[in-house]
Amino acid sequence: MTQPLLSLDALSLAFRQGRSERRVVDALSFQLHAGETLALVGESGSGKSVTALSVMRLLPTPPVVYPGGRILFDGLDVLTADEPTLRGLRGNRMAMIFQEPMVSLNPLHTLEKQLAEVLSLHRGLRREAARGEILDCLDRVGIRQPLQRLNDYPHQLSGGERQRVMIAMALLTRPELLIADEPTTALDVSVQAQILTLLQELKRELNMSLLFITHNLTIVRRLADQVVVMRKGRAVEQNAAAALFTAPQHPYTRELLHANPEGRPLPVSAAPPLLRVTDLRVAFPIRRGLLRRTVDSVQALKSLSFSLRPGESLGLVGESGSGKSTAGLALLRLIASQGEIWFADRPLHTLNRRQMLPLRRQIQVVFQDPNASLNPRLTVAQIVAEGLEVHHPQLNRAARDARVIAALEEVGLPAESRHRYPAEFSGGQRQRIAIARALILEPQLVILDEPTSSLDRSVQKQILNLLRRLQQERQLAWLFISHDLEVVRALCHQVVVLRRGEVVEQGETEAVFSAPQQAYTRQLLSFR
């Protein structure tokens with residue numbers, strides 16, 4: 001048999017702090033041959049991402065140490081290779097799609113500059129020659145009107161669009177090995193299917209190997225040749241994908257395979273609406289020229305109307321760039337909008353920034369990208385307690401700490417984790433921190449922007465059960481922004497389907513899912 005392109009031989013990885021070591025990967029072994037796809041699956045914190053980063057030697061040493069094992073790429077031990085050798089591998093023969101695109105993209109450079117830099121460094125193309133390849137690649141990953149987007153900055157893109165740009169950046173180098181760390185997490189189901197088809201085409205064209213890290217077992221079933229199931233840093237099961245899905249051997253694998261969202265929303269009392277929205281619209285100006293005068297505008301959201309009662313959940317669904325997150329930001333009064341927003345009979349649309357401050361405690365948000373929304377210089381205790389310091393200054397330190405511990409334990413994090421920093425957590429764990437930060441103030445309304453997108457199915461199930469319980473106990477209202485239709489069906493009483501800023505379909509969730517009236521809704525549901 002031919003030599004594997006990538007081979008991990010009893011790899012162990014630990015974080016060293018002083019004289020102590022915390023092992024996060026323990027004696028992990030697998031092989032990946034040219035043209036194959038190997039999926040690393042497991043709950044957040046199981047060691048998937050640090051394994052992938054180690055393949056390209058992207059983790060800082062110290063604090064990361066490798067107590068044992070080897071990482072062989074085409075026969076070369078990556079762990080003992082010098083920096084010039086590693087620079088020759090990175091980007092040329094190996095490329096990586098990172099889990100959090102907002103952190104990976106440079107906020108000061110346009111898309112064209114960042115993508116052209118990749119082609120210049122790794123393939124020697126000049127900017128003029130590179131533009132054609134950039135436009136073709138952006139089109140293939142589903143960026144609409146790519147020529148008009150070249151001068152955009154990362155903050156001007158939706159979360160899903162930023163992820164697609166990251167995918168394009170990695171594919172431009174035509175690597176032998178592509179490491180994809182949750183590359184479809186922020187993508188809606190239709191674009192997700194498009195990206196997976198593209199990856200399969202490129203695998204055939206380039207005989208490319210793919211190391212795919214995900215918690216989405218539906219994707220694994222469709223894409224992977226081999227599967228490694230990880231838990232607490234160890235491989236608990238390895239097998240061909242077809243065999244693993246047909247006859248899983250380990251109890252944890254069976255648990256993952258049966259951890260789909262389940263249940264239905266809890267009944268809602270006939271209370272008056274907590275939130276009423278009428279004809280909500282958002283337009284972003286287009287500026288041109290030296291003086292940056294407004295010459296036109298882009299309608300990001302057109303005429304959204306709904307009402308939401310205490311204890312009720314409303315799901316906003318649609319492809320990335322459809323206006324879901326824009327609607328959430330407008331309801332929070334963080335961006336300018338037109339239309340009426342009534343919260344607890346208060347006209348939010350007429351309030352200025354100072355008048356909104358007392359209401360901030362009652363309306364909380366969990367943002368889509370926890371790595372960007374959590375301050376990396378603060379401990380988890382400081383992050384979660386920050387709202388208490390602003391809205392409940394009368395609490396002493398001991399009382400705040402007790403509330404922080406309770407909030408963390410509610411979302412499944414141990415009390416001792418409050419002394420650590422965000423960088424020491426996995427993506428799913430960071431999202432749980434963000435949820436704890438929102439819930440600690442006991443709000444009436446929480447806007448959840450893709451709160452479970454970075455969570456594996458087993459943790460996602462726990463979070464959904466937590467949200468249901470909190471909703472029942474506190475009569476919380478959720479505005480749930482998501483592209484995961486199964487999660488929306490399990491949690492939301494109402495659903496609004498958006499496409500390019502317009503409401504395509506709206507109604508009770510079960511009615512819309514059972515008998516969708518519009519072709520676009522049927523298309524979304526067909527990808528489940």
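Quick note: numbers below take in every heavy atom, side chains included, and nothing from hydrogens, waters or symmetry partners. Model, not experiment: these values are computed from the prediction.
- Heavy atoms only, all atoms of each residue included: Pro183 and Ile213 are closest at CD-O, 4.0 Å.
- Closest non-hydrogen pair, Ala438 versus Val366, comes out as CB-CG2, 3.8 Å.
- For the pair Ile134/Leu150, a side-chain contact is recorded, criterion being any heavy-atom separation below 4.5 Å from C-beta on.
- Side chain of Gln156 to backbone of Tyr153: a donor-acceptor contact under 3.5 angstrom is found.
- Using a 4.5 Å cut-off on side-chain heavy atoms (C-beta onward), Ile481 and Val317 make no contact.
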Stepwise side-chain contact (heavy atoms from CB on, under 4.5 Å) check, Leu76 with Thr85: CA-CA 10 Å; Leu76 171 72; Thr85 302; 3.6 Å; yes
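- Separating the CG atom in Leu89 from the CG atom in Asp74 is a distance of 9.0 Å, to the nearest 0.5 Å.
- No side-chain donor-acceptor contact under 3.5 Å links Asn151 and Thr110.
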Using a 3.5 Å cut-off and no angle test, enumerate the donor-acceptor pairs between side-chain atoms of residues 512-519 and protein atoms at least two apart in sequence or in another chain.
{"from": "Ser514", "atom 1": "OG", "to": "Glu510", "atom 2": "O", "distance (Å)": "2.7"}
{"from": "Gln517", "atom 1": "NE2", "to": "Ala515", "atom 2": "O", "distance (Å)": "2.8"}

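- Taking Ser322 as the reference, Glu319, Lys324, Leu498 meet the side chain to side chain contact (heavy atoms under 4.5 Å, CB included) condition, with sequence neighbours excluded.
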Criterion side-chain contact (heavy atoms from CB on, under 4.5 Å) on Ile97 and Phe212, from CA distance to verdict: CA-CA 10 Å; Ile97 303 167; Phe212 201 92; over 6 Å; no
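- Of all heavy-atom pairs between Ala224 and Val227, the closest is CB-CG2, 4.3 Å.
- Partners of Ser325 by side chain to side chain donor-acceptor pair (under 3.5 Å), not counting sequence neighbours, listed by chain and number: Asp449.
- A donor-acceptor pair is defined here as one N or O able to donate and one able to accept, closer than 3.5 Å; no such pair exists between the side chain of Arg281 and the backbone of Ser303.
- Contact annotation: the side chain of Phe306 never approaches that of Leu280 to less than 4.5 Å [non-hydrogen atoms, C-beta and beyond].
- Between the side chain of His493 and the backbone N or O of Ser313 there is at least one donor-acceptor pair closer than 3.5 Å.
- A donor-acceptor distance shorter than 3.5 angstrom exists from the side chain of Lys48 to the backbone of Gly42, with no hydrogens or angles considered.
- Rounding to the nearest 0.5 Å places CG of Leu59 at 5.0 Å from CG of Leu53.
- Asp139 CG to Arg149 CZ: the interatomic distance, rounded to the nearest 0.5 Å, is 13.0 Å.
- Using a distance-only test at 3.5 Å, with no hydrogens or angles considered, no donor-acceptor pair links the side chain of Asp136 to the main chain of Gly132.
- A donor-acceptor pair is defined here as one N or O able to donate and one able to accept, closer than 3.5 Å; such a pair exists between the side chain of Ser305 and the backbone of Asp279.
- With hydrogens and angles disregarded, no donor-acceptor distance shorter than 3.5 Å links the side chain of Thr326 to the backbone of Ala300.
- The shortest distance between side-chain heavy atoms of Leu211 and Leu178 does not fall below 4.5 Å.
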Check against side-chain contact (heavy atoms from CB on, under 4.5 Å), Arg57 and Arg90: CA-CA 9 Å; Arg57 282 280 304 278; Arg90 295 176 188 140; 3.6 Å; yes
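- Of the possible donor and acceptor atoms, one in the side chain of His349 sits under 3.5 Å from a partner among the backbone N and O of Ile341.
- In this structure, the separation between CE on Met94 and CE on Met96 is 11.0 Å, given to the nearest 0.5 Å.
- A side-chain donor-acceptor contact under 3.5 Å links Arg222 and Thr197.
- Applying the salt bridge (charged side-chain N to carboxylate O under 4.0 Å, His left out) test to residues at least two apart or on different chains, the pairs with a partner in residues 200-220 are Arg140-Glu201, Arg140-Glu205, Lys203-Asp225.
- Rounded to the nearest 0.5 Å, atoms OG (Ser7) and CZ (Phe30) are 8.5 Å apart.
- Counting only heavy atoms from C-beta outward, the side chains of Val495 and Leu314 never approach each other to under 4.5 Å.
- Applying the salt bridge (charged side-chain N to carboxylate O under 4.0 Å, His left out) test to every pair with at least one member in residues 167-180, sequence neighbours left out, gives these pairs: Arg93-Glu176, Glu133-Arg174.
- With contacts defined as side-chain heavy-atom distances shorter than 4.5 Å, the pair Leu304/Thr278 does not qualify.
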Evaluation steps, side-chain contact (heavy atoms from CB on, under 4.5 Å), between Leu348 and Met356: CA-CA 7 Å; Leu348 302 191; Met356 276 294 299; 3.9 Å; yes
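- In this structure, Pro265 and Thr509 have side chains that are not in contact, with every pair of non-hydrogen atoms separated by 4.5 Å or more.
- Gln114 contributes no side-chain N or O that, together with a main-chain N or O of Leu111, makes up a donor-acceptor pair within less than 3.5 Å.
- Side-chain polar atoms of Glu450 and His483 form a donor-acceptor pair below 3.5 angstrom.
- The side-chain heavy atoms of Met166 and Leu105, taken from C-beta on, include a pair separated by under 4.5 Å.
- Side chains of Gln494 and Glu312: a donor-acceptor N/O pair is present below 3.5 angstrom, by distance only.
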Stepwise side-chain hydrogen bond (donor to acceptor under 3.5 Å, both in side chains) test for Ser209 and Glu36: CA-CA 5 Å; Ser209 300; Glu36 282 189 345; over 6 Å; no
Steps toward side-chain hydrogen bond (donor to acceptor under 3.5 Å, both in side chains) verdict (Asp181, Ser49): CA-CA 7 Å; Asp181 189 358; Ser49 293; 2.8 Å; yes
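- A distance of 12.5 Å separates CG of Leu135 from CD of Gln145, quoted to the nearest 0.5 Å.
- Every pair passing salt bridge (charged side-chain N to carboxylate O under 4.0 Å, His left out) that includes a residue from residues 105-114 is listed here, sequence neighbours excluded: Glu112-Arg127, Glu112-Arg131.
- Summarising the geometry of Gly328 relative to Ile447, their closest heavy-atom pair is O-CD1, 3.7 Å, with the distance given to 0.1 Å.
- Judged by distance alone, the side chain of Arg430 and the main-chain N or O of Pro422 form a donor-acceptor pair under 3.5 Å.
- The heavy-atom pair separating Ala34 from Leu5 by the smallest distance is N-CB, 4.2 Å.
- Shortest non-hydrogen contact noted between Gly91 and Met56 is N-CE, 4.5 Å.
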